[in-house]
Amino acid sequence: MVSVQSTVDTGHEDMVHDAQMDYYGTKLATCSSDRSIKIFEVKDGSQTHVADLKGHEGPVWQLAWAHPRYGTILASCSYDRKVILWREERNGSWSQLFVHASHESSVNSVHWGPFEQGLILACGSSDGSISILKYVSETNQWDTEKINNAHYIGCNAVSWCPETNKKKLVSGGCDNMVKIWSQDEAGNWVAEAKLEGHSDWIRDVAWAPSLSSSRSIIASCSQDR
């Protein structure tokens, strides 16, 4: 039997769109249509509100924690067309590490790649494109590249393949399609596969943890029920 362990009164003033635990399960981040992100410390079944992150100018749709080997970093995406990377400083305060603002419409999904590939983030947008952000330690800069026209009308969801030998991700969009993207030897992103089966917008996709080197599983969900 499944039981409710605890409930969190987030204090958000509008609809909550996402809630994500960090790698160790000691931090909870929530985001809302009230344009804010809230951080909670989680311990012994209780939650303590420790931070409000404000920087978006529209509803915040989704959050993603980076692997802790890179510090405490949280990515958020919003209707305001921005992706913001937040970092917790040593004194417990939070700052904006990087703001990605090259999309022409709402950014609906963010997902970090396997930590072995470095700090690399995929972002799916209603402008139909997927952007890839990667931190380059040598220059202390974030490189950005874009898969243009990834989905007709818009991209709603992205998820990285957990395999580490090749950069690969899956996306779902308003064209009722699930697409698998991989990076070729020249560094270009190409559509490796187009999966048809849904009859309405794809709302989310998730790449399962690796079962074996010869098998992958992807889950997708759609407005077609």
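Keep in mind that what you see is a predicted model, and the values were worked out from it rather than measured. Numbers here are sequence positions counted from 1.
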CG/Asp204 to OG/Ser220 distance, rounded to the nearest 0.5 angstrom?
9.5 Å

Between Leu119 and Tyr70, which heavy-atom pair has the shortest distance, and what is it?
CG-CG, 3.6 Å

Closest approach of Val110 and Leu63, non-hydrogen atoms and distance?
CG2-C, 4.2 Å

Would the distance check show the side chain of Lys146 and the main-chain N or O of Ser102 forming a donor-acceptor pair, the cut-off being under 3.5 Å?
yes

Of Val158, Leu85, Ile132, which is the lone residue that meets side chain to side chain contact (heavy atoms under 4.5 Å, CB included) with Leu121?
Leu85

Any side-chain heavy-atom pair of Ser129 and His103 under 4.5 Å
yes

Provide the closest heavy-atom pair for Trp94 versus Leu74 in the form atom of the first, atom of the second, distance.
CZ3-CB, 4.3 Å

Do the non-hydrogen side-chain atoms of Ile180 and Ile218 ever get within less than 4.5 Å of each other?
yes

Verdict with supporting geometry, Asn140 and Tyr135, side chain to side chain donor-acceptor pair (under 3.5 Å):
CA-CA 7 Å; Asn140 195 30; Tyr135 178 69; 2.6 Å; yes

Could you tell me the separation between the CZ atom of Phe40 and the CG atom of Asp22, rounded to the nearest 0.5 Å?
13.5 Å

Do NZ/NE/NH1/NH2 and the carboxylate oxygens of Glu57 and Lys82 come within less than 4.0 Å?
yes

Using side-chain heavy atoms (C-beta onward) and a distance below 4.5 Å, is Trp61 in contact with Asn156?
no

Would you call the rings of Phe98 and Trp142 parallel, tilted or perpendicular, taking 30° and 60° as the class edges?
parallel

Would you please say whether a donor-acceptor pair under 3.5 Å links the side chains of Thr48 and Glu41?
no

Nearest-0.5 Å distance, SG of residue Cys77 to CG of residue Asp18
8.5 Å

Parallel under 30°, tilted from 30 to 60°, perpendicular over 60°: which one fits the rings of Trp160 and Trp189?
perpendicular

Could you walk me through whether Asn176 and His198 pass side chain to side chain donor-acceptor pair (under 3.5 Å), step by step?
CA-CA 6 Å; Asn176 310 345; His198 287 292; over 6 Å; no

Is any side-chain heavy atom of Thr72 closer than 4.5 Å to one of Trp86?
no

Salt bridge flag under 4.0 Å for residues Lys194 and Glu196
no

Supply the atom-to-atom distance Lys179 NZ to Ile147 CD1, rounded to the nearest 0.5 angstrom.
10.0 Å

Any luck finding a side-chain donor-acceptor pair between His100 and Thr144 under 3.5 Å?
no

Inter-residue atom distance Asn108.CG - His17.NE2, 0.5 Å rounding
11.0 Å

